[in-house]
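All values below come from the heavy atoms of this structure, side chains included, with hydrogens, waters and symmetry mates left out.
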Amino acid sequence: MNKTIVSEPMNTAKPMEYRKSLRRLYRSKWMMIMMIPGLLYYLLFHYVPMAGILIAFQDYNLLKGIGGSPWVGLDNFRIIFQSPDFPLIMKNTLVISVYRIVFNMLPDVMLALMLNEIRSQWFKRVVQTITYGPHFLSWIIVYGIVFSLFAPGSGLFTTFVRDMGWGELNLLTDADYFRPLLIGSDLWKNVGFGAIIYLAALAGINQELYEAAVVDGAGRWRQMWHITLPGIRSVFVLLLILRLGSILDAGFDQVYIFLNARVYDVGDIIDTWVFRQGLEQLNFSIAAATGVFKSVIGLVFILSANKLAKKVGGSGIW
């Protein structure tokens, strides 16, 4: 009995898609090669060091290493949370971080909006250069400038105030002025860089929207409120989410340089405390546990802020 053999048609869709993917990869080979240094950077300096998280759960001994140090579970976290310094450094970190978010992000937007309204290109470039220049200075140099101005008894500004008969100023050692001094110097250093980010976003707004608004009789303020600000909203939300993710950082470089014994009550933050515990007292396990705690809190803030941004109509990060 003859059997009719019906051959099923071969599924050639997957091999074709595979070949197309290979061709796309081949066409982008130079772009992928250019990505290799960046990928290696993140691999070597961000992912490989994550193995050090194990130290947070050990009584780490520098001579024994990770493999020979005894495990202590969550004891290091209990030591941190039960430390008498923890409430103070947590409060100072949050206060300084919130100050940075509120008083640094809004001036960035305001400067960008003002520069966007300037029609004289040479004047606009001069202002951008003046405001952007301090971003390249290290915090050591910035502190040197601040010290030359506000040093007790010998600073330029404090000497002027004393010679005018208005009394003595000790801004660098006065707890009431330490946080405003931090925020003010950080604003002077970074406001130009933040404004450039918003200027880039402003450049991407469709100019036809402004032309249509002019036809409808909208003035400059109406155009700014209904076109300009909505145009940079997504960038503002993105930067806000990123800042919330690092809310427990509070700027270690600046705070450590400006900090002195008289302002510890208002200036000692988590990172400076970790620096003393890890490098000065060699409590590596406590320092690592604090880093894990900061990372978890930062992750929670990023996820929460991203979800909230999507609910109120923003795009979020992902």
Side-chain angles (χ1 to χ4, degrees), residues 21-22 24-77 80 89 93 97 100 132 135-142 186 189-190 193-194 196-197 200 235 238-257 269-306 316-318:
S21 300
L22 289 179
R24 283 196 295 265
L25 290 176
Y26 181 77
R27 286 195 298 266
S28 306
K29 59 181 181 300
W30 294 114
M31 297 295 294
M32 299 184 68
I33 291 174
M34 293 174 62
M35 290 174 58
I36 291 177
L39 295 176
L40 288 176
Y41 167 79
Y42 279 98
L43 177 65
L44 295 177
F45 296 101
H46 289 268
Y47 285 94
V48 173
M50 289 179 67
I53 293 176
L54 298 175
I55 298 175
F57 305 95
Q58 294 179 326
D59 183 10
Y60 182 72
N61 187 295
L62 190 60
L63 298 178
K64 296 179 180 179
I66 296 179
S69 300
W71 295 90
V72 295
L74 300 177
D75 288 351
N76 292 321
F77 294 92
I80 296 171
I89 62 175
T93 302
S97 295
R100 287 178 183 275
Y132 187 55
H135 176 73
F136 298 99
L137 300 177
S138 68
W139 279 115
I140 294 292
I141 297 177
V142 173
D186 183 66
K189 185 176 186 296
N190 295 316
F193 179 78
I196 286 181
I197 297 176
V235 177
L238 173 62
L239 295 178
L240 178 61
I241 293 174
L242 295 177
R243 282 180 176 262
L244 288 176
S246 58
I247 195 170
L248 294 185
D249 289 340
F252 167 75
D253 296 344
Q254 182 192 16
V255 175
Y256 181 74
I257 294 170
I269 60 175
I270 292 178
D271 286 342
T272 54
W273 184 80
V274 168
F275 180 84
R276 294 196 303 273
Q277 292 289 327
L279 295 182
E280 295 181 3
Q281 302 179 20
L282 301 182
N283 293 329
F284 298 107
S285 297
I286 300 297
T290 309
V292 173
F293 167 71
K294 286 179 52 182
S295 301
V296 172
I297 296 299
L299 178 62
V300 171
F301 268 97
I302 282 185
L303 294 177
S304 302
N306 187 72
I317 299 180
W318 63 86

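- Between F45 and Y41, the ring planes lie tilted relative to each other; the angle falls in the 30° to 60° range.
- The salt bridge (charged side-chain N to carboxylate O under 4.0 Å, His left out) test applied to R100 returns D186, not counting sequence neighbours.
- Here the CG-CG distance, from D271 to D249, works out to 5.5 Å after rounding to the nearest 0.5 Å.
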**Report entry** Step-by-step side chain to side chain contact (heavy atoms under 4.5 Å, CB included) determination, Y132 to I196
**Finding:** CA-CA 8 Å; Y132 187 55; I196 286 181; 3.5 Å; yes
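- Atom OG of S304 and atom CG of L299 lie 9.0 Å apart (nearest 0.5 Å).
- Between L282 and L62 the shortest side-chain heavy-atom distance does not fall below 4.5 Å.
- For CZ of F301, the number of neighbouring non-hydrogen atoms (other residues, nucleotides, ligands) closer than 6.0 Å is 12 at most.
- In this structure, CZ on R27 lies 10.0 Å from NZ on K29, to the nearest 0.5 angstrom.
- Here the CG-CG distance, from L244 to L239, works out to 11.0 Å after rounding to the nearest 0.5 Å.
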Report task. Evaluate the criterion side chain to side chain contact (heavy atoms under 4.5 Å, CB included) for residue pair L74 and F57; output intermediate values, then yes/no. Result -> CA-CA 6 Å; L74 300 177; F57 305 95; 3.8 Å; yes
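- Pairing each heavy atom of S69 with each of Q58, the nearest pair is O-NE2, 3.6 Å.
- The two residues Y60 and I66 make their nearest non-hydrogen contact at CE1-N, 3.7 Å.
- Side chain of N76 to main chain of D59: no donor-acceptor pair is present (N/O by atom type, distance under 3.5 Å, no hydrogens or angles).
- Smallest separation of non-hydrogen atoms from I269 and F252: CD1-CA, 4.4 Å.
- Heavy atoms only, all atoms of each residue included: A56 and V292 are closest at CB-CG2, 4.0 Å.
- Residues passing the salt bridge (charged side-chain N to carboxylate O under 4.0 Å, His left out) test with K189: none are found, sequence neighbours excluded.
- For I270 against T93, the heavy-atom pair with the smallest separation is N-OG1, 3.0 Å.
- Between the CG atom in L44 and the CG atom in L39 there is a gap of 10.5 Å [rounded to 0.5 Å].
- The CG atom of D75 sits 9.0 Å away from atom CD1 of I286, with the distance rounded to the nearest 0.5 Å.
- Within 6.0 Å of atom CH2 in W71, more than 12 heavy atoms from other residues, nucleotides or ligands are found, so the atom counts as buried in its surroundings.
- When all heavy atoms of G52 and A288 are compared, the closest pair comes out as O-CB, 4.5 Å.
- Contacts of R24 classified as side-chain hydrogen bond (donor to acceptor under 3.5 Å, both in side chains), with partners at least two apart in sequence or in another chain: S21.
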